[in-house]
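Working notes, beginning with the structure itself.
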Amino acid sequence: MACPWRRLTGRACPVCGLTRSVALAWRGRWRESFAAHRLGVPLVVAVAARVLVRPVPGSRAGSRPRSRAA
């Protein structure tokens with residue numbers, strides 16, 4: 001699928017190549033990813049960090065244990 005902006009203006013839009021860059025970075029092909037778009041690698045790193053740090057919704061991770069009242 002061609003970028004509509006590129007088709008209209010003949011110039012790449014700010015996100016042209018980002019999807020391909022993210023896919024390449026996810027597979028560990030860092031140089032190719034960076035060549036496709038400079039923000040691909042940082043985006044993958046940021047998303048991975050966010051997923052690893054943030055607890056899964058509905059889980060008890062990060063919640064305080066209940067105290068037993070006698």
Side-chain angles (χ1 to χ4, degrees):
M1 178 177 191
C3 173
W5 181 260
R6 182 176 280 201
R7 224 178 356 195
L8 183 66
T9 65
R11 299 187 66 170
C13 74
V15 293
C16 274
L18 189 56
T19 302
R20 182 169 185 76
S21 178
V22 167
L24 289 166
W26 195 254
R27 290 176 178 87
R29 296 165 64 179
W30 307 107
R31 286 186 181 164
E32 293 173 70
S33 173
F34 192 74
H37 197 285
R38 290 183 176 177
L39 292 179
V41 173
L43 182 62
V44 167
V45 170
V47 169
R50 179 71 172 157
V51 168
L52 293 174
V53 171
R54 184 177 181 187
V56 177
S59 72
R60 295 184 63 174
S63 63
R64 294 175 33 182
R66 296 181 185 177
S67 62
R68 290 187 165 178

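Bear in mind that the values here come from a model prediction, so they are computed numbers and not experimental data.
Listed by first and then second residue, the salt bridge (Lys or Arg N to Asp or Glu O under 4.0 Å) pairs involving residues 4-20 amount to none (not counting sequence neighbours).
Scanning for side chain to side chain donor-acceptor pair (under 3.5 Å) contacts around Arg29 gives Glu32, with sequence neighbours left out.
The minimum heavy-atom distance between Val22 and Leu43, with the atom names listed, is CG2-CD2, 3.7 Å.
There is a path of hydrophobic side-chain contacts, each under 4.5 Å, that joins Val44 to Val51.
Of the inter-residue distances, the one linking Cys16 atom SG with Trp5 atom CH2 reads 10.5 Å to the nearest 0.5 angstrom. Atom CG of Leu24 sits about 10.5 Å away from atom CH2 of Trp30, to the nearest 0.5 Å. The SG atom of Cys13 sits 11.5 Å away from atom CG of Leu8, with the distance rounded to the nearest 0.5 Å.
In this structure, the side chain of Ser21 does not engage the main chain of Gly17 through any donor-acceptor pair within 3.5 Å.
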